[in-house]
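Step one of this worksheet: look at the structure below.
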Amino acid sequence: NWQNPAFKKVDDKKPILKLDRLFVNDSTAIGIGYFDSFYWQNDYVPGPWEFAITLTFNYKGKIIKQTDFINYPIAF
């Protein structure tokens with residue numbers, strides 16, 4: 001929830017989400033990357049957190065399914 005006031009970036013000038021690879025075909029997009037470190041409720045949450053997000057689109061280009069894999073740190 002990026003708008004939640006409990007969430008704060010470590011450095012406002014750097015992106016929190018970094019997309020390393022993007023694969024796209026006619027009905028699917030897969031993004032692979034990582035989330036950088038951030039603060040949650042003033043607690044430092046170290047990164048990086050690897051992720052893979054799969055989006056499936058209908059014939060109108062609307063997302064009909066989203067599947068997320070996030071490699072959360074053990075301490076979180």
Side-chain angles (χ1 to χ4, degrees):
N1 187 352
W2 305 111
Q3 303 304 320
N4 190 319
F7 169 81
K8 291 191 182 11
K9 292 170 66 173
V10 173
D11 184 343
D12 284 333
K13 297 176 185 169
K14 293 183 180 179
I16 187 73
L17 183 145
K18 297 180 182 173
L19 186 64
D20 291 331
R21 289 173 280 168
L22 180 63
F23 305 94
V24 180
N25 71 16
D26 60 336
S27 62
T28 305
I30 301 171
I32 298 171
Y34 64 94
F35 296 104
D36 212 343
S37 303
F38 59 90
Y39 290 97
W40 181 257
Q41 297 178 340
N42 294 321
D43 291 329
Y44 180 73
V45 181
W49 296 19
E50 295 174 316
F51 71 81
I53 299 173
T54 302
L55 302 175
T56 304
F57 303 91
N58 69 11
Y59 70 97
K60 292 183 178 181
K62 303 239 182 207
I63 298 170
I64 57 172
K65 182 178 179 184
Q66 177 176 340
T67 305
D68 301 333
F69 167 80
I70 301 172
N71 189 20
Y72 292 99
I74 292 171
F76 192 65

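Keep in mind that what you see is a predicted model, and the values were worked out from it rather than measured. One-based numbering along the sequence shown.
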For residues Ile70 and Ile30: do they belong to one hydrophobic cluster (side chain heavy atoms under 4.5 Å, members Ile, Leu, Val, Met, Phe, Trp, Tyr)? no

Surrounding OH of Tyr44 (heavy atoms of other residues, nucleotides or ligands, distance under 6.0 Å), is the total greater than 12? yes

Between Asn25 and Phe23, is any pair of side-chain heavy atoms under 4.5 Å apart? no

Distance-only donor-acceptor hits, side chain of residues 11-18, under 3.5 Å, sequence neighbours excluded:
from: Asp11; atom 1: OD1; to: Lys13; atom 2: N; distance (Å): 2.9
from: Lys18; atom 1: NZ; to: Asp36; atom 2: OD2; distance (Å): 3.3

Taken to the nearest 0.5 Å, the spacing of Glu50 CD from Asn71 CG works out to 5.5 Å

Using the ring of each side chain (for Trp, its six-membered ring), is Phe35 parallel, tilted or perpendicular to Phe51, with breaks at 30° and 60°? tilted

Would you mind reporting whether Ile64 and Phe57 have side-chain heavy atoms less than 4.5 Å apart? no

Taking atom CG of Asn4 and atom CD of Gln41, what is their separation to the nearest 0.5 Å? 7.5 Å

Are Gln66 and Ile53 close enough that some pair of their side-chain heavy atoms sits under 4.5 Å apart? yes

Partners passing side-chain contact (heavy atoms from CB on, under 4.5 Å) against Leu22 (at least two apart in sequence or in another chain): Leu19, Val24

Would you check if Tyr39 and Val10 make a side-chain contact, meaning some heavy-atom pair closer than 4.5 Å? yes

Heavy atoms of Gly47 and Trp49 approach each other most closely as CA-CD1, 3.8 Å

